[in-house]
K.L.:
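Got a structure here, written out as structure tokens. Questions coming.
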Amino acid sequence: MTGTIKHFDAIIIGTGQAGPPMAARFADAGKTVAIIERGKFGGTCVNTGCTPTKTLVASAYAIHIAGRGAEYGFSTGDVRVDMKQVKARKDAASATSSKGVEDWLRGMTNCTVIQGQARFQSPNTVVVNDEILQADKIFINVGGRARVPEMPGIHDVPFLTNSSMMDINFLPEHFIIVGGSYVGLEFAQIYRRLGSDVTVVEMGPRLIGREDEDVSDSVREILEAEGINIRLNAKCISLEKRDGGVAVGLTCEEGPPEVVGTQALLAVGRIPNTSDLGLDRAGVITDHRGYIVVDDQLQTNVPGIWALGDCNGRGAFTHTSYNDYEIVADNLFNADHRRVSDRIQAYALFIDPPLGRCGMTDAEVRKSGSRALTAKFPMSQVGRAVEKGETQGFIKICVDAETKQILGAAILGVGGDEVIHVLLDVMYAKAPYTVVQRAMHIHPTVSEYLPTILGKLEPFT
Ligand SMILES: Cc1cc2nc3c(=O)[nH]c(=O)nc-3n(C[C@H](O)[C@H](O)[C@H](O)COP(=O)(O)OP(=O)(O)OC[C@H]3O[C@@H](n4cnc5c(N)ncnc54)[C@H](O)[C@@H]3O)c2cc1C
């Protein structure tokens, strides 16, 4: 290790969704900043998360619609999937984004880019390769990775994760996906549409257990209608090598006790990349799952060290990580008083049709004790959905009976990932739902039905 210590105004560890814009904020303010990355620039979203999966979702959607050609009045002949091309398209999208982040950082005046594994040596010192860096402000944006639980057979059988999935350029014959939540279900539908047999194995009694039951049930119906096998209540999951493939033991209440496939994907949650960061040397506290403990403004217990993005356990999305950056940067540079607790839960499940969610679930509304009104409307009655031939799902909105503010919504249906923002923005404005009712929306859109649905509110039970 070289003895000289390099001083910066700020050090950023990780180039996920919060690190690069934070580097730009410091650099633009004329401050010196070092940003350290041990893997690919852009982190999970760009390389193994959102960008590649949504590119695959697009391929799967195009193939799915081609298969429905007769309904729309065209024929394509035999639709054949070229997995190498599907992968090449995905890789190109990820590579462009990753290179964009790298070029942006390398082109930044005042910014030093260092590739390597960063470790704290003290609360204001970070070591990377053979360099010692020091700064009064350090931002941790190290993200997370797939959780690999200790289950029987896990060390004997090859399995895939969202990261190794990125190298797949063939179609698994029978793909077993362990985990019926957001990541698992997106891959399940993608690969089913591309042509694999797919079985989803879920420990819980229903898919996406954090959602309301009606949402879980509809998602299950949508996936089963496409021929995806779903095995719930798989209490004790194990892996075993079988005939060149893999047998997944289930111990379910119903159905055979195992399912045999050719490949298995583990999609059973994420863990933060915090165990090899030397956090103990800095005195930074983590919780029992390894997430860095932060306050409402994302400061750790050590003054001058912040944790942003998935590693702080306060969000698990690209938009929450970017929002973390905005909160910290506005507090530092604009003397603003932004807080994490000000943000409203919002996310999407990018199956087709997508699920857009904002605010509370029904279960959360019930728990909150608010006096509420609710309305639910099937997508089959939405003109735009009928015109598009995509009528699965529903729209559900819950409002506070007294304040008239929107408490939460689920839009499972065509355009749900976009339409949800109509409601989300009204929630941020703290405006009553009547604003949406009085707005003139464009015809024909899914959004134009929101006023109609809000006109059908009934007491929430
Ligand atoms: C399959 C999948 C699909 C997803 N789809 C979506 C989606 O559609 N929409 C959405 O909002 N979210 C999605 N997510 C979640 C989203 O990808 C993450 O929430 C987001 O990328 C979090 O970013 P981050 O800023 O916390 O860190 P990350 O993007 O994880 O980046 C952290 C970076 O830090 C680097 N690093 C770690 N430790 C060190 C160290 N010690 N030294 C140097 N560098 C280090 C890593 O190499 C990495 O590049 C998806 C996730 C997965 C797995």
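Start at 1 and go down the list; that is how both ligands and their atoms are numbered. Both backbone and side-chain heavy atoms feed into the values below; hydrogens, waters and symmetry mates do not.
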K.L.:
Does ligand 1 come near enough to A316 that some N or O of the ligand is less than 3.5 Å from an N or O of the residue?
P.N.:
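Yes; the residue has a nitrogen or oxygen that sits under 3.5 Å from a nitrogen or oxygen of the ligand.
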K.L.:
Counting from 1, what ligand 1 atoms have a heavy atom of T48 closer than 4.0 Å?
P.N.:
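Going through ligand 1 atom by atom, the ones under 4.0 Å from T48 are 1 (C).
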K.L.:
Is it the case that the side chain of D9 and the backbone of T32 share a donor-acceptor pair, with hydrogens and angles ignored and the cut-off at 3.5 Å?
P.N.:
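Yes; at least one donor-acceptor contact below 3.5 Å.
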K.L.:
For D214, is there an ion pair with K396 - N to carboxylate O distance below 4.0 angstrom?
P.N.:
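Yes, K396 and D214 are salt-bridged.
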K.L.:
For ligand 1, which atoms, with element, lie under 4.0 Å from some heavy atom of G43?
P.N.:
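Near G43, meaning under 4.0 Å from one of its heavy atoms, ligand 1 has 29 (O), 31 (O), 48 (C), 49 (O).
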K.L.:
Any nitrogen or oxygen of T44, side chain or backbone, less than 3.5 Å from one on ligand 1?
P.N.:
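The answer is yes, given that T44 and ligand 1 share an N or O pair closer than 3.5 Å.
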K.L.:
Is a side-chain N or O of S94 found less than 3.5 angstrom from the main chain of V46, in a donor-acceptor match?
P.N.:
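Yes, the answer is positive, given that a donor and an acceptor are paired below the 3.5 Å cut-off.
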K.L.:
With a 3.5 Å cut-off and no angle check, do the side chains of T199 and D197 form a donor-acceptor pair?
P.N.:
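There is no such pair (donor and acceptor under 3.5 Å, judged by atom type) between the side chains of T199 and D197.
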K.L.:
Any nitrogen or oxygen of N141, side chain or backbone, less than 3.5 Å from one on ligand 1?
P.N.:
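It does: an N or O of N141 is found under 3.5 Å from an N or O of ligand 1.
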K.L.:
Is a side-chain N or O of D352 found less than 3.5 angstrom from the main chain of Y61, in a donor-acceptor match?
P.N.:
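Here the side-chain-to-backbone pair does not exist.
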K.L.:
What atoms of ligand 1 come closer than 4.0 angstrom to any heavy atom of I13?
P.N.:
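Close to I13: 40 (C), 42 (N), 43 (C).
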K.L.:
State whether D82 and K87 are salt-bridged, where the test is any N-O pair (Lys NZ or Arg NE/NH1/NH2 against Asp/Glu carboxylate O) under 4.0 Å.
P.N.:
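Answer for the salt bridge query: no.
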K.L.:
Could you tell me whether Y347 approaches ligand 1 through its side chain, its backbone, both or neither, with non-hydrogen atoms closer than 4.0 Å?
P.N.:
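No part of Y347 is near ligand 1 at this cut-off.
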K.L.:
Look at atom 27 (O) of ligand 1 and find which of C45, G143, A346 reaches it with the closest heavy atom.
P.N.:
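Looking at heavy atoms only, the winner is G143.
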K.L.:
For atom 31 (O) of ligand 1, which candidate among G16, A348, G14, P354 provides the closest heavy atom?
P.N.:
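The residue whose heavy atom sits nearest atom 31 (O) of ligand 1 is G16.
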K.L.:
Among all protein heavy atoms in this structure, tell me which lies nearest to atom 52 (C) of ligand 1, with the distance rounded to 0.1 Å.
P.N.:
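Answer, as residue, atom name and distance: G49 CA, 3.7 Å.
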K.L.:
Of all the non-hydrogen atoms in the protein, which one sits nearest to atom 46 (C) of ligand 1, and at what distance?
P.N.:
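Ranking protein heavy atoms by distance from atom 46 (C) of ligand 1, first comes E37 OE2, 3.3 Å.
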K.L.:
Does V142 approach ligand 1 within less than 4.0 angstrom via side chain, backbone, both or neither, non-hydrogen atoms only?
P.N.:
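The part of V142 near ligand 1 is both the backbone and the side chain.
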K.L.:
For atom 5 (N) of ligand 1, find the nearest protein heavy atom and state the residue, atom name and distance (0.1 Å precision).
P.N.:
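Among all protein heavy atoms, the one nearest atom 5 (N) of ligand 1 is K54 NZ, 3.2 Å.
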K.L.:
Indicate, as side chain, backbone, both or neither, the part of K40 found under 4.0 angstrom from ligand 1 when only non-hydrogen atoms are considered.
P.N.:
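Backbone only.
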K.L.:
Decide whether an N or O pair under 3.5 Å exists between R270 and ligand 1.
P.N.:
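No, R270 has no N/O under 3.5 Å of an N/O on ligand 1.
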K.L.:
So, is Q17 polar-close to ligand 1, with some N/O to N/O distance under 3.5 Å?
P.N.:
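Yes; at least one N/O pair falls below 3.5 Å.
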K.L.:
List ligand 1 atoms under 4.0 Å from F350, heavy atoms only on the residue side.
P.N.:
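Within the 4.0 Å cut-off of F350, ligand 1 contributes 8 (O).
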K.L.:
Ignoring hydrogens and angles, tell me if any N or O in the side chain of D330 forms a donor-acceptor pair with the backbone of N334 under 3.5 Å.
P.N.:
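Answer holds: no.
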K.L.:
Judged on heavy-atom distance to atom 43 (C) of ligand 1, which of G116, S275, A18, G39 sits nearest?
P.N.:
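Selected option, by shortest heavy-atom distance: G116.
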K.L.:
Quick one: does any side-chain atom of T15 pair with a main-chain N or O of G42 as donor and acceptor, under 3.5 Å?
P.N.:
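Side chain of T15 to backbone of G42: a pair is present.
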K.L.:
With nothing but distance in play, are any N or O atoms of V183 less than 3.5 Å from an N or O of ligand 1?
P.N.:
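Such a contact does not occur with ligand 1.
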K.L.:
Mind telling me whether F26 and F333 have parallel, tilted or perpendicular rings, with 30° and 60° as the class edges?
P.N.:
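F333 vs F26 ring planes: perpendicular.
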K.L.:
Does only the side chain of T53 get under 4.0 Å from ligand 1, or the backbone, or both, or neither? Count heavy atoms.
P.N.:
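Under 4.0 Å from ligand 1, T53 contributes side-chain atoms alone.
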K.L.:
Give the atoms of ligand 1, by number and element, whose distance to some non-hydrogen atom of L277 is under 4.0 Å.
P.N.:
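Within the 4.0 Å cut-off of L277, ligand 1 contributes 41 (N).
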K.L.:
Name the closest protein heavy atom to atom 10 (C) of ligand 1, giving the residue it belongs to and the distance to 0.1 Å.
P.N.:
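Scanning the protein heavy atoms, the shortest distance from atom 10 (C) of ligand 1 goes to T318 N, 3.6 Å.
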K.L.:
Heavy atom to atom 25 (O) of ligand 1, shortest distance: which of S321, A307, A267, S163 holds it?
P.N.:
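The residue whose heavy atom sits nearest atom 25 (O) of ligand 1 is S321.
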K.L.:
Can you list the ligand 1 atoms lying under 4.0 Å from a non-hydrogen atom of N162?
P.N.:
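Matching atoms, with element in brackets: 1 (C), 53 (C).
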K.L.:
In the structure I gave you, are the side-chain heavy atoms of Q134 and K6 within less than 4.5 Å of one another anywhere?
P.N.:
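With C-beta onward as the side chain, the pair stays apart.
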K.L.:
May I have the step-by-step check of side chain to side chain contact (heavy atoms under 4.5 Å, CB included) for S238 and V248, ending in yes or no?
P.N.:
CA-CA 6 Å; S238 60; V248 178; over 6 Å; no
K.L.:
Consider every N or O of A118 and every N or O of ligand 1, then say whether any pair is closer than 3.5 Å.
P.N.:
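Yes: some nitrogen or oxygen of A118 is under 3.5 Å from one in ligand 1.
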K.L.:
Knowing that exactly one of R343, R314, R338 qualifies, which makes a salt bridge (Lys or Arg N to Asp or Glu O under 4.0 Å) with D296?
P.N.:
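Of the listed options, the one satisfying the test is R314.
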K.L.:
Between the main-chain N or O of G283 and the side-chain N or O of N301, is there a donor-acceptor pair closer than 3.5 Å?
P.N.:
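At least one qualifying donor-acceptor pair exists.
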K.L.:
With respect to atom 18 (C) of ligand 1, which of T51, V46, D310 exhibits the smallest heavy-atom separation?
P.N.:
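Minimum heavy-atom distance to atom 18 (C) of ligand 1 goes to D310.
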K.L.:
Would Y347 and Y182 count as a ring pair (Phe, Tyr, Trp, His ring centres under 6.0 Å) if you check the C-alpha gap in whole Å, the side-chain angles of each, and the deciding distance to 0.1 Å?
P.N.:
CA-CA 10 Å; Y347 53 86; Y182 308 90; 5.8 Å; yes
K.L.:
If you apply the rule side chain to side chain donor-acceptor pair (under 3.5 Å), what do you find for H155 with E150, and how did you get there?
P.N.:
CA-CA 9 Å; H155 302 293; E150 270 303 321; 2.9 Å; yes
K.L.:
Per the ring-ring contact (aromatic ring centres under 6.0 Å, His included) rule, what does the pair list look like for residues 158-180, sequence neighbours excluded?
P.N.:
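Every ring-ring contact (aromatic ring centres under 6.0 Å, His included) pair that includes a residue of residues 158-180, provided the two are not neighbours, is F175-Y191.
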K.L.:
Quick one: does S196's side chain have a donor or acceptor within less than 3.5 Å of a partner on R192's backbone?
P.N.:
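Answer holds: no.
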K.L.:
Considering non-hydrogen atoms of the protein only, which is the closest contact for atom 13 (C) of ligand 1, and what is the distance?
P.N.:
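The closest heavy atom on the protein side is C50 SG, 3.4 Å.
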K.L.:
Between D276 and ligand 1, does any nitrogen or oxygen pair lie at a separation below 3.5 Å?
P.N.:
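No, since none of the N or O atoms of D276 sits under 3.5 Å from an N or O of ligand 1.
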K.L.:
With heavy atoms of G144 as the reference, note each atom of ligand 1 found under 4.0 Å away.
P.N.:
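Once the distances to G144 are compared, the set is 30 (O).
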K.L.:
So which heavy atom in the protein is nearest atom 44 (N) of ligand 1, and how far is it from that ligand atom?
P.N.:
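Protein heavy atom with the smallest distance to atom 44 (N) of ligand 1: R38 N, 3.2 Å.
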